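None of the values given here were measured: they were computed from a predicted structure. Numbered from 1 within each chain, the chains take letters A, B, ... in sequence-line order.
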Protein chains: 2
Amino acid sequence: MEPDIKIILREILLGFWKVHILHHAAEGPVVGQWMLQELRRHGYEVSPGTMYPLLQRMERNGWLRSEVNPEGGPRARKSYYLTQRGHEVLEFLRERVEELWMEITNEAEH
Amino acid sequence: MEPDIKIILREILLGFWKVHILHHAAEGPVVGQWMLQELRRHGYEVSPGTMYPLLQRMERNGWLRSEVNPEGGPRARKSYYLTQRGHEVLEFLRERVEELWMEITNEAEH
DNA sequence: GACATTATTACGATAACCGACTACGATTGG
DNA sequence: CCAATCGTAGTCGGTTATCGTAATAATGTC
């Protein structure tokens, strides 16, 4: 089991913490570094090279919008907010998570 | 929202139906075509070119094992069974799904 | 000036998608 | 009874996009 963790993380859990991100963005602005820590807390080891392109994609998709101090230079810290569209996506995902949860906990011991 | 579905599917829901597969394999042997239908029923459009390599990877990882009629030729139908290791992986995933579910439904309106 | 924080980038490896294709079996029709 | 057709199941090829690692750059702080 232990050696499978990395494979599971990449193969399956990738989408899970993306939901986390949207969820957190709904509660307040999200910053890349903070999100990396938060995910580590949950056992998801995510690298910057994965996180930042992801946040950019989500912004490109219109799920997040970012604010940045224009004086801060090209690597200034960016705060991401959930957009209206992002809220709809999150709601949709909530339903999917619930559906999955219901399905796999139905342990009727066949 | 509508146009986002495809993106969501690829970006986030990919892992979800992989859990579905393991779950179904725990209940009984799983066949590619049947699984494709089952996922369509849940709204996940997956192409054969995605499904079959995935099943092969899962077998390679030791989560599934396949049985096939040796007389059936190179494209004979394969039945996939969940291995002991697959059970452990599934159990691990159950916990992760629960954790995610708990987290995102905790709507304490901050 | 040294150090911490934060984000960006490059690049190799792998996965995902689409669609066309192959192989076998069952059914139908002359 | 043979042959053509259709349905089912899985494979393959080529392109695109994502992930991971690690190095890098810019700004703020002591």
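Residues B/Val68 and B/Arg77 come closest through the heavy atom pair CG2-O, 3.6 Å. When all heavy atoms of B/His23 and A/Glu103 are compared, the closest pair comes out as NE2-O, 3.3 Å.
In the set C/dT9, C/dA16, D/dC19, the nucleotide with an atom closest to the side chain of B/Leu14 is C/dA16. For A/Pro48, whose side chain is taken as the heavy atoms from C-beta onward, the closest listed nucleotide among C/dT8, C/dA16, D/dT18 is C/dT8.
Within the 3.5 Å criterion, the main-chain N or O of A/Gly62 finds a donor-acceptor partner in the side chain of A/Thr83.
As judged by a 4.0 angstrom heavy-atom cut-off over every strand, B/Gln56 is placed among residues touching the sugar-phosphate backbone only. Residue contacts shown for A/Gly49 include a base, since a base heavy atom lies under 4.0 Å away.
Residue A/Leu55 contributes atom CG, which lies 14 Å from atom C1' of D/dT18 at whole-angstrom precision.
Ring-plane geometry between B/Trp34 and B/His24 is classed as perpendicular, the angle between the planes exceeding 60 degrees on a 0 to 90 degree scale with a lower cut at 30.
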Between the protein and nucleotides 3-6 of chain C, list every N/O to N/O distance that falls short of 3.5 Å.
residue	atom	partner	partner atom	Å
C/dT6	OP1	A/Arg77	NH1	3.2

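Proximity of A/Ile21 to A/Tyr80: side-chain heavy atoms (C-beta onward) are nowhere separated by under 4.5 Å.
B/Glu59 and B/Tyr81 are not linked by any side-chain donor-acceptor pair at a separation below 3.5 angstrom, with hydrogens and angles left out of the test.
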